[in-house]
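To start, the structure itself, in structure tokens.
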Amino acid sequence: MSARQVAVLGVGMHPWGKWGKPFVEYGVHAARAALADAGVAWTDVDLVVGGETVRNGYGGYVAGATFAQALGWNGARVATSYAACATGAQALDTARARILAGLSEVALVVGADTTPKGFLAPNAGERWDDPDWLRFRLLGMTNPAYFALYARRRMDLFGATSEDFAQVKVKNARHGLANPYARYRKEVSVADVLGSAVVSDPLHLLDICATSDGAAAVLVTSTEYAARHGLADSVRIAGISTVTPTFPNTVMDMPNLSTDSSLATGEPERTFKASIGHAAYEEAGVGPADVDVAEVYDLSTALELDWIEDLALCGPGEAEKLLRAGETTIGGRIPVNPSGGLACFGEAVPAQALAQVCELTWQLRGQAEGRQVEGARVGITANQGLFGHGSSVVLTR
Amino acid sequence: MTTTATPAIDGWFTTGPEPALLGSRCTACTTVYFPPAAGFCRNPACAGEQFERVELSRRGTVWSYTDAQYQPPAPYVPATDPYVPFALAAVELPEGLTVLGQVAEGYGVADLRVGAEVELVVETLCADETGERTIWRWKPVVEMGEEADQ
């Protein structure tokens, strides 16, 4: 395993929901929870990294300094990250880099969001050079429509069915039942999913994650700091991947209207999503066979199946088999989204990648009450967002 | 199409009886881009800065497809009130890239499958103060013997 590790001493979250309060309140709640979990005083924190989101509707944009001020100026260094859905992981990577460089010792990473209702849509104003604006204007191409393209390919190429997709929701709904931070804590049946309205064929309303308010925070320190405080056996961050695509990016990615052409250069060795996980494994010095638990970005039910393959937890086209055999359920070979995933949380963009890290920390500590993956020692997260952003974090204990 | 019809975006596609998407090709490495690129070639191994305009193939195969059963939010401009759902397809072209588009009027997801052949057409997207605005769309190519009701 890699020696370049940092310690996760504390994690904290604000429950996901539609609370309608300022994001700063959620962020401070999560940050204080992480500090309390670690037993570290706010005044010991020498770096604050905030996850930002870029969307109208805020009374000001999220920044690291927003949280630092709300917690009470303590003179800490500050940084702010934006990486779409990977924002939290990029913020964590910034904290890790300064710690490993010896420039910081105790870093607090915070992501929080207050989301608007309905489809996520671009900012107002005419922007004829912005693909995120053009995809709506020229094509009416919403986020669920992209998720639906991926889902349909699984059906036409691998024989996936709407029942398979619904089964992902059923599983995740069950996983999230006991999670106090989940927004939706209710059993869902296959019939419920198939009976909900079709948003973008083949995806139903219950196949697609909601948008939520929420916050997550992670307190990371040098391993020396952890050892000095008697926490040498704490959960470690063994790898963080924030790689960008390799040209040509030949898979249709949100919010693009087209892919790169492979005609002159040939296909890349890995798709973007596969490269995200690959880089995390490489950095951590572990492989897919070592993974005990995974938290992946189920923006749609079908997308969870894509991620299982992109993380090489099974071969291409085999995720449905794993699902049907119960292997991705808690108690199975490789439980996926024991937190309940986005199916139970809804997406709070700048907080979500950190929420995945919070869950895996609880899992590796054996503290995931009511949803524990027994004996979990290695966990991996994965997500992808707009504009070539994506992340994967490997945690070990 | 009325005489006032104009493309919803300039320089991305031609109109007329055999419309085509307009891409750009790097004169150094021959990589093709759509929407048309300018400035620098995005192939990291290429230092090219010159592009020539090229018409892309009018036919391709469906990479995947879906539809929009709810009216998309602004800046989408609905063509009708009440809203009528439409289908969308991502189409692989012989030039080695995949291009999204709405599916031609009158066709839905039941008319599509991954790997099926489609052809580019230009249809009305919506109307604004300047008149009708047109857009490229993908139309299923009906195989011989399947065109009974055409």
Side-chain angles (χ1 to χ4, degrees), chain A residues 116 118-157 197-205 246-252 255-267, chain B residues 8-10 12 21 23 25-26 28-35 41-46 62-79 85-90 92-102 108-110 112-115 125-126 133 135-137:
Chain A
F119 284 121
L120 289 180
N123 293 350
E126 295 214 347
R127 290 188 309 285
W128 290 91
D129 55 354
D130 174 3
D132 196 30
W133 187 87
L134 286 168
R135 57 142 165 165
F136 284 94
R137 180 62 155 233
L138 298 181
L139 302 179
M141 191 75 196
T142 60
N143 294 8
Y146 285 90
F147 311 153
L149 292 178
Y150 310 138
R152 173 53 68 180
R153 265 183 84 76
R154 293 202 72 83
M155 297 177 104
D156 282 18
L157 296 183
V198 174
V199 175
S200 279
D201 181 277
L203 296 178
H204 297 77
L205 190 61
T246 300
F247 186 90
N249 187 7
T250 53
V251 178
M252 183 63 68
N256 298 335
L257 286 79
S258 61
T259 67
D260 293 328
S261 166
S262 62
L263 200 61
T265 58
E267 296 274 342
Chain B
I9 186 160
D10 287 334
W12 283 27
L21 295 172
R25 181 165 54 207
C26 172
C29 76
T30 74
T31 294
V32 171
Y33 295 92
F34 177 84
C41 182
R42 296 198 298 268
N43 174 358
C46 177
V62 173
W63 182 81
S64 194
Y65 54 95
T66 182
D67 59 14
Q69 299 209 3
Y70 289 83
Q71 181 176 313
Y76 175 76
V77 180
F86 57 90
L88 292 145
E92 293 183 283
L93 297 178
E95 286 81 2
L97 75 170
T98 303
V99 179
L100 280 175
Q102 294 183 349
V109 293
L112 297 161
R113 61 183 162 78
V114 171
L125 172 66
C126 60
R133 307 304 300 267
I135 197 72
W136 77 89
R137 283 183 174 154

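What's counted below: heavy atoms across the whole structure, side chains too, no hydrogens, waters or symmetry copies. Proteins come first, then strands; the chains are lettered A, B, ... in the order of their sequence lines, and each starts at number 1. The model shown is predicted, which means the values in this text are computed figures rather than measured ones.
Proximity to chain A involves both the backbone and the side chain of Val114(B), based on heavy atoms less than 4.5 angstrom apart. Proximity to chain A is absent for every atom of Pro85(B), based on heavy atoms less than 4.5 angstrom apart. The part of Ala74(B) that comes within reach of chain A is its backbone (N, CA, C, O), which places non-hydrogen atoms under 4.5 angstrom from that chain. Arg137(B) does not touch chain A: none of its heavy atoms, backbone or side chain, sits under 4.5 Å away.
Taking OG of Ser64(B) as the start and CZ of Arg154(A) as the end, the distance is 12.0 Å to the nearest 0.5 Å. Taking CG of Leu138(A) as the reference point, atom CZ of Arg133(B) lies at 9.5 Å (rounded to 0.5 Å). Here the straight-line distance linking atom OG of Ser262(A) with atom CD of Glu92(B) works out to 8.5 Å at 0.5 Å rounding. Residue Thr259(A) holds its OG1 atom at 11.5 Å from OH of Tyr33(B), rounded to the nearest 0.5 Å. To the nearest 0.5 Å, atoms CG (Leu203(A)) and OG1 (Thr66(B)) are separated by 7.0 Å. The distance from atom SG of Cys46(B) to atom CZ of Phe247(A), rounded to the nearest 0.5 Å, is 9.0 Å.
For the pair Leu139(A) and Leu88(B), the minimum side-chain heavy-atom distance is below 4.5 Å. Residues Thr31(B) and Leu263(A) fail the side-chain proximity criterion, which asks for heavy atoms closer than 4.5 Å. Counting heavy atoms from C-beta on, the side chains of Leu149(A) and Leu100(B) come closer than 4.5 Å. Inter-residue side-chain proximity for Tyr70(B) and Leu205(A) is flagged as unmet; no heavy-atom pair is nearer than 4.5 Å. Side-chain contact between Leu134(A) and Trp12(B) is present, with at least one heavy-atom pair separated by less than 4.5 Å.
Put simply, the side chain of Thr98(B) never gets that close to the backbone of Ser258(A): no donor and acceptor are under 3.5 Å apart.
Per-residue counts of heavy-atom pairs under 4.5 Å with chain A were compared for Asn43(B), Leu125(B), Val32(B); the largest is that of Asn43(B). Among Glu95(B), Gln69(B), Arg42(B), the residue making the largest number of heavy-atom pairs under 4.5 Å with chain A is Gln69(B). Among the candidates Thr30(B), Ile9(B), Ile135(B), the residue making the largest number of heavy-atom pairs closer than 4.5 Å to chain A is Ile9(B).
A side-chain donor from one of Asp156(A) and Tyr65(B) sits under 3.5 Å from a side-chain acceptor of the other.
The two residues Gly140(A) and Phe86(B) come nearest to each other via the heavy atoms O-CZ, 3.9 Å.
Relative orientation of the Trp63(B) and Tyr150(A) rings is perpendicular, given thresholds of 30° and 60° on the angle between their planes.
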